[in-house]
Amino acid sequence: MAFGDYPAEYNPKVHGPYDPARYYGKPDTPFGQVKLTELGAWFSRRNKSPSALAGAMSRAWWRWQHKYVQPKRAGIAPFFQITFAAMTFFYLINYGKMRHHRNYKYH
């Protein structure tokens, strides 16, 4: 599969119009329904390649877009989500500098 192509499992005659937020591979047991004894086998069935990781991130992005950003009457939720994500990111990258400015009580 080259960059920008449809997934190999996608068949327009079976699946209809292409949806970038949908996984077209073979369905498996959802993570919430996996028992503890089956957890190792469930993880071993996952595709752990970089392209599979990129595909999962792309599907998550499109699901978020379809749910929060692209509806006809979109609310303010995506603005707050992006703001909170940016605040968390910048806190984490600046934590090493901020920890030196702690106020301690020595008594």
Side-chain angles (χ1 to χ4, degrees):
M1 184 171 110
F3 184 74
D5 289 345
Y6 290 128
E9 300 88 3
Y10 171 67
N11 184 354
K13 294 178 183 174
V14 175
H15 299 113
Y18 179 71
D19 181 11
R22 181 177 170 198
Y23 177 66
Y24 289 102
K26 183 181 174 191
D28 197 5
T29 309
F31 181 71
Q33 297 176 1
V34 176
K35 297 178 182 164
L36 286 177
T37 57
E38 302 168 350
L39 200 57
W42 189 85
F43 275 118
S44 68
R45 290 193 300 264
R46 304 278 77 84
N47 185 357
K48 300 168 194 79
S49 68
S51 63
L53 180 64
M57 290 172 51
S58 174
R59 287 190 302 275
W61 167 260
W62 280 105
R63 284 185 186 132
W64 180 77
Q65 284 278 318
H66 288 160
K67 185 173 183 178
Y68 293 107
V69 179
Q70 294 181 355
K72 191 176 279 189
R73 291 178 178 82
I76 198 165
F79 171 74
F80 285 122
Q81 291 169 346
I82 291 172
T83 302
F84 181 76
M87 287 170 26
T88 304
F89 173 72
F90 284 109
Y91 177 80
L92 291 174
I93 64 172
N94 290 310
Y95 179 75
K97 298 171 190 166
M98 290 188 303
R99 70 177 177 177
H100 299 298
H101 296 282
R102 292 179 181 160
N103 293 324
Y104 289 108
K105 285 181 125 179
Y106 292 104
H107 52 82

Looking at side-chain heavy atoms only, is the closest gap between Asn11 and Tyr24 below 4.5 Å? no

Check the angle between the aromatic planes of Phe31 and Trp42 and answer parallel, tilted or perpendicular using the 30° and 60° thresholds. tilted

How long is the gap from CZ on Arg45 to OG1 on Thr29, to the nearest 0.5 Å? 5.5 Å

Do you know which two heavy atoms are closest between Glu9 and His15, and how far apart they sit? O-CE1, 3.4 Å

Kindly work out whether a path of hydrophobic side-chain contacts (I/L/V/M/F/W/Y, heavy atoms less than 4.5 Å apart) joins Trp62 to Val69. yes

For Pro78 and Tyr68 the tightest heavy-atom approach is CG-O, 3.5 Å

Atom OH of Tyr10: over 12 foreign heavy atoms under 6.0 Å: yes

Is there a side-chain contact between Tyr91 and Met98 in this structure, where contact means two heavy atoms from C-beta onward sitting under 4.5 Å apart? yes

Can you tell me if Lys48 has over 12 outside heavy atoms packed within less than 6.0 Å of its NZ? yes

Do other residues, nucleotides or ligands put more than 12 heavy atoms under 6.0 Å from the CH2 atom of Trp61? no

Side chains of His66 and Asp19, heavy atoms from C-beta outward: is any pair under 4.5 Å? yes

Report, as yes or no, whether the 6.0 Å neighbourhood of atom CE on Met57 holds more than 12 heavy atoms from other residues, nucleotides or ligands. no

Taking every heavy atom of Arg22 against every heavy atom of Arg63, the minimum-distance pair comes out as CA-NH2, 4.4 Å

Mark yes or no for whether Ser58, through its side chain, and Gly55, through its backbone, hold a donor-acceptor pair below 3.5 Å. no

